Number of protein chains: 2
Amino acid sequence: MSRPALSRDRVLRAAVELADSGGISAVTMRRLAEELGAEAMSLYHHVANKEQVLDGIVDVIGAEINEAAARVTLPSHGDGWRKAARVRILAAREVLLRHPWAPALIESRTNASPEILLHMDALVGIMRDGGFSHDQTHHALHALGSRAVGFTQELFTPGNGPATGEPDPVMAAMAKRLPNLVGMLSEIAHDDPDSTLGWCDDQAEFEFGLDIVLDGLDRLR
Amino acid sequence: MSRPALSRDRVLRAAVELADSGGISAVTMRRLAEELGAEAMSLYHHVANKEQVLDGIVDVIGAEINEAAARVTLPSHGDGWRKAARVRILAAREVLLRHPWAPALIESRTNASPEILLHMDALVGIMRDGGFSHDQTHHALHALGSRAVGFTQELFTPGNGPATGEPDPVMAAMAKRLPNLVGMLSEIAHDDPDSTLGWCDDQAEFEFGLDIVLDGLDRLR
DNA sequence: ACCTGAACACCGTTCAAGT
DNA sequence: ACCTGAACACCGTTCAAGT
């Protein structure tokens, strides 16, 4: 009957599962405890507070990223840097696609996650191997921004969100005042009526943006 | 004695002020009401719920962006597109620098803000004037991502956060396992010991990353 | 040492009642 | 029509008490 003892690790793993199934807002101390067959107050013996749970979740995801990246490591010397950086970043992205709540959480945290720092360190190593100076590498990290971790926050690029087939209601109401946007969207929908809402392929778009930045950086090398 | 009547507009303006002075977490229905000399429940006569308050705040910021951009509009035909897009985006950025909580909020909203859509529409107009196809413009918006609205979420690029002069404690503890990152940071600190923590100039970095993307796009035109 | 129940100080929101 | 007080169903967290 007695469930396995609580531990920081079990708490964090349960928190990730909870977020996966109910979004980040489902992660409350009370529900987390319930999931673990304990009382909310028991969690505080393994975790200082909720902030630390959220930091811990990010680190769990970071570890998943580093594991995934380790399986696709490529030689990074000279020209190889570009491909090596690209596959590492795309490996991170695949992890995030399994945890769609993670990008927003990662960005909202102000504490550094050790695992994500390891990911960044690996990326810096790749760029150094490629021949970038420390200064160029520093600029490069800023230019990549969150893309270095495999995502771009999509704002509400119109057409985003659940692919209901319905046009965004806010956009529809404003169509008259958004001639350029509406023109663009209607043409794209026309060109490719079968893709999601006829307009967005996130993976292709991510890679397009990533390649623009990587190419720009390669040119500076 | 009787304060001016409540209104959706006054509620939203007070919410922005509250966020400016105490961060987004200071925006609660109860405190918002207090700020307005009313009871929390009175707000619900002017706003459906808190979600709508948050959407409204984003729209207020969006309106500020469009006002700022209107003051720096440039001709956008042909080669002019690049400069026109650049100044509009940097105008947006200046607004966001006055509301440091806004980027995270903008990214977290799933509803489109009419004012931000107007900003995007203007940007699409500029790119169309510059000679981009609808398809290219669509790709360009994705490549720009949040940069189109004047910000890049900075993750915890180490060295971020309050410029205490102290190195990040998490990084310090892991120095041995982060040889590349530590090497990069120490050299940058050495090169330019007087800037913030000797390492980050957000504005310069933003413009560097923006120019990389704009150049990449210009090359496709 | 680990876990717990009751309690506290907050939330957003509903509802019935006031003017 | 606009505003309100009391109440409800949640939060995170403290504290004293149990084993």
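We name chains A, B, ... by the order of the sequence lines, and we start the count at 1 in each one. Fair warning: this is a prediction, and the values are worked out from it, not measured in the lab.
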- Take B:Ile57 and B:Val60 through the side chain to side chain contact (heavy atoms under 4.5 Å, CB included) test and state the conclusion after the steps. CA-CA 5 Å; B:Ile57 293 181; B:Val60 168; 5.6 Å; no
- Candidate pair B:His134 and A:Glu187, rule side-chain hydrogen bond (donor to acceptor under 3.5 Å, both in side chains), full reasoning: CA-CA 7 Å; B:His134 276 136; A:Glu187 183 170 316; 2.6 Å; yes
- Decide yes or no on side-chain hydrogen bond (donor to acceptor under 3.5 Å, both in side chains) for B:Arg88 and B:His119, but give the supporting numbers first. CA-CA 9 Å; B:Arg88 171 167 265 275; B:His119 168 71; 2.7 Å; yes
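For A:Leu54 and D:dC11, the CG to C1' distance is 13 Å, given to the nearest whole Å. Residue A:Lys50 contributes atom NZ, which lies 17 Å from atom C1' of C:dA9 at whole-angstrom precision. Rounded to whole Å, atom P of C:dC10 lies 11 Å from atom CD of B:Glu34. Rounded to whole Å, the distance from CG on A:Asn49 to C1' on D:dG12 is 9 Å. Between the CG atom of B:Leu36 and the P atom of D:dC3 there is a distance of 10 Å, given to the nearest Å. With rounding to whole Å, A:Leu32 atom CG is found 17 Å from D:dC10 atom P. Computed from coordinates, the A:His46 NE2 to C:dC3 C1' distance equals 9 Å when rounded to whole Å. Straight-line distance from the CD atom of B:Glu51 to the C1' atom of C:dT13: 13 Å, rounded to whole Å.
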Just the atom pairs and distances: protein N or O near nucleotides 4-7 of chain C's N or O, under 3.5 Å.
{"from": "C:dT4", "atom 1": "OP2", "to": "A:Glu39", "atom 2": "N", "distance (Å)": "3.1"}
{"from": "C:dT4", "atom 1": "OP2", "to": "A:Ser42", "atom 2": "OG", "distance (Å)": "2.5"}

For nucleotides 17-19 of chain C, list the nitrogen or oxygen atoms of the protein found under 3.5 Å from its nitrogen or oxygen atoms, one pair per line.
none

- Query: Starting at the 5' end of DNA chain D, what dot-bracket string do you get if Watson-Crick and G-U pairs under 3.5 Å are bracketed, crossing pairs use [ ], other-strand pairs use | and unpaired bases use dots?
  - Reply: ||.|||||...|||||.|.
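Using a 4.0 Å cut-off between charged side-chain N and carboxylate O, A:Arg30 and A:Glu39 make no salt bridge.
A distance-only check finds no donor-acceptor pair linking the side chain of A:Asn180 to the backbone of B:Val124 [under 3.5 Å].
Judged as a salt bridge (charged side-chain N to carboxylate O under 4.0 Å, His left out), not a single pair has a partner in residues 140-150 of chain A (not counting sequence neighbours).
Expressed to the nearest 0.5 Å, how far CE of B:Met174 lies from CG of A:Leu117 amounts to 6.0 Å. Rounding to the nearest 0.5 angstrom, the gap separating the CG atom in A:Leu144 from the CG atom in A:Leu123 is 7.0 Å.
Looking at residues two or more places apart in sequence or on another chain, you find no side chain to side chain contact (heavy atoms under 4.5 Å, CB included) involving B:Glu94. Looking at residues two or more places apart in sequence or on another chain, you find a side chain to side chain contact (heavy atoms under 4.5 Å, CB included) between B:His99 and B:Val16, B:Asp20, B:Ile61, B:Glu64, B:Val95, B:Trp101, B:Ala102.
Geometric assessment of B:Arg93 against the ring of B:Phe151 yields a negative cation-pi assignment under the 6.0 Å and 45° thresholds.
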